[in-house]
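Just so you know, residue 1 is the first one in the sequence shown, and it goes up from there.
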Amino acid sequence: KKIEECLQEAVDESYAITAEELLPGDLGFLMDDDGGGWNHVLIFAGYGENGERMWVHSSGGEGVIFNTPSYEAGLALRRPKNVDFGDTPG
């Protein structure tokens, strides 16, 4: 499968949440520049020392990184279906 197909399956197996609802393990999806599909997924890891949202993801040539990417505001925030996040709705 192409990465785009795998990312679409992950989107289909999750539901939209707000930034206020983010929990570690939630996902952030980045749309292609042309809006035709997804090209990147990040895993929310929690909040940094200054309150910034921190994500685990891969970055071309750098491997797996832990940071707040510059494009974070453009992420579609989603929670995987059928994952136990404790007492959260969904």
Which atom names give the shortest non-hydrogen contact between [X] and [Y], and what distance separates them?
{"X": "D26", "Y": "P80", "value": "OD1-CD, 4.1 Å"}
{"X": "S14", "Y": "V11", "value": "OG-O, 2.9 Å"}
{"X": "A19", "Y": "Y47", "value": "O-OH, 4.0 Å"}

Out of curiosity, [X] [atom1] to [Y] [atom2], how far, rounded to the nearest 0.5 Å?
{"X": "L27", "Y": "L42", "atom1": "CG", "atom2": "CG", "result": "9.0 Å"}
{"X": "R78", "Y": "K81", "atom1": "CZ", "atom2": "NZ", "result": "7.5 Å"}
{"X": "D34", "Y": "N39", "atom1": "CG", "atom2": "CG", "result": "9.0 Å"}
{"X": "H57", "Y": "N67", "atom1": "NE2", "atom2": "CG", "result": "4.0 Å"}

Exercise. Can you get from Y71 to I65 by hopping between Ile, Leu, Val, Met, Phe, Trp and Tyr side chains that sit under 4.5 Å apart?
Worked result: no
Problem set entry | Hydrophobic cluster membership, Y15 vs L30, 4.5 Å side-chain cutoff | yes
Problem set entry | Criterion ring-ring contact (aromatic ring centres under 6.0 Å, His included) on F44 and W55, from CA distance to verdict | CA-CA 5 Å; F44 180 62; W55 300 86; 5.3 Å; yes
Exercise. Thinking salt bridges, do R53 and E72 make one under a 4.0 Å N-O criterion?
Worked result: yes
For this session: Evaluate the criterion side chain to side chain contact (heavy atoms under 4.5 Å, CB included) for residue pair T68 and M54; output intermediate values, then yes/no.
Result: CA-CA 5 Å; T68 303; M54 301 298 291; 3.3 Å; yes
Exercise. So, the side chain of E20 versus the backbone of T18: is there a donor-acceptor pair under 3.5 Å, distance only?
Worked result: no
Problem set entry | Step-by-step side chain to side chain contact (heavy atoms under 4.5 Å, CB included) determination, R79 to L23 | CA-CA 9 Å; R79 179 162 296 150; L23 294 172; 3.5 Å; yes
